[in-house]
Amino acid sequence: MTETREIGRSYINAAGAAVVTIAEHNRKSMRLSGASALRSFEYLTRLAGAKTGMEAIEVSGTHYRNQLNALGEYSDNLID
């Protein structure tokens, strides 16, 4: 009987830890997705305000570097 209770307690603890881990992963994913959407809006705003082709290229280059950094953050989140 005591063994059964211990196993049940272990199961509850493991399930609780799994729920916390999943919730944390989902929270991070939502934060990263929101940040990515915001960066995209900022990019479109800056691109629309570009006066020259060179300025548009610079704005695009900056945006693409930011997006690559965001992909790194997504990868780190998946690894965690």
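By convention here, the first residue in the shown sequence is residue 1.
Remark: Lys28 NZ to Ser33 OG distance equals 14.0 Å, nearest 0.5 Å. The CD atom of Glu73 sits 12.0 Å away from the CG atom of Leu68 when rounded to the nearest 0.5 Å. In this structure, CD1 in Ile57 is found 10.5 Å from CG in Leu47, a value given to the nearest 0.5 Å. With values rounded to the nearest 0.5 angstrom, Glu3 atom CD is found 7.0 Å from Glu6 atom CD. Arg9 CZ to Thr4 OG1: the interatomic distance, rounded to the nearest 0.5 Å, is 11.5 Å. A distance of 10.5 Å separates OG of Ser60 from CZ of Arg65, quoted to the nearest 0.5 Å.
Pairs of residues two or more places apart, or lying in two chains, that qualify as ring-ring contact (aromatic ring centres under 6.0 Å, His included) and include a residue from residues 33-59 are Tyr43-His63.
In this structure, a donor-acceptor pair under 3.5 Å is absent between the side chains of Ser36 and Tyr74.
Both Tyr64 and Val59 are part of a single hydrophobic cluster, where members link through side-chain heavy atoms under 4.5 Å apart.
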For this session: Please assess Arg46 against Thr62 for the test side-chain contact (heavy atoms from CB on, under 4.5 Å), listing each intermediate value before the final yes or no.
Result: CA-CA 11 Å; Arg46 291 184 63 207; Thr62 300; 4.2 Å; yes
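In this structure, the side chain of Glu55 engages the main chain of Lys51 through a donor-acceptor pair within 3.5 Å.
Ion pair Arg39/Glu42 not flagged as a salt bridge, since none of the NZ, NE, NH1 or NH2 atoms sits closer than 4.0 Å to an Asp/Glu carboxylate oxygen.
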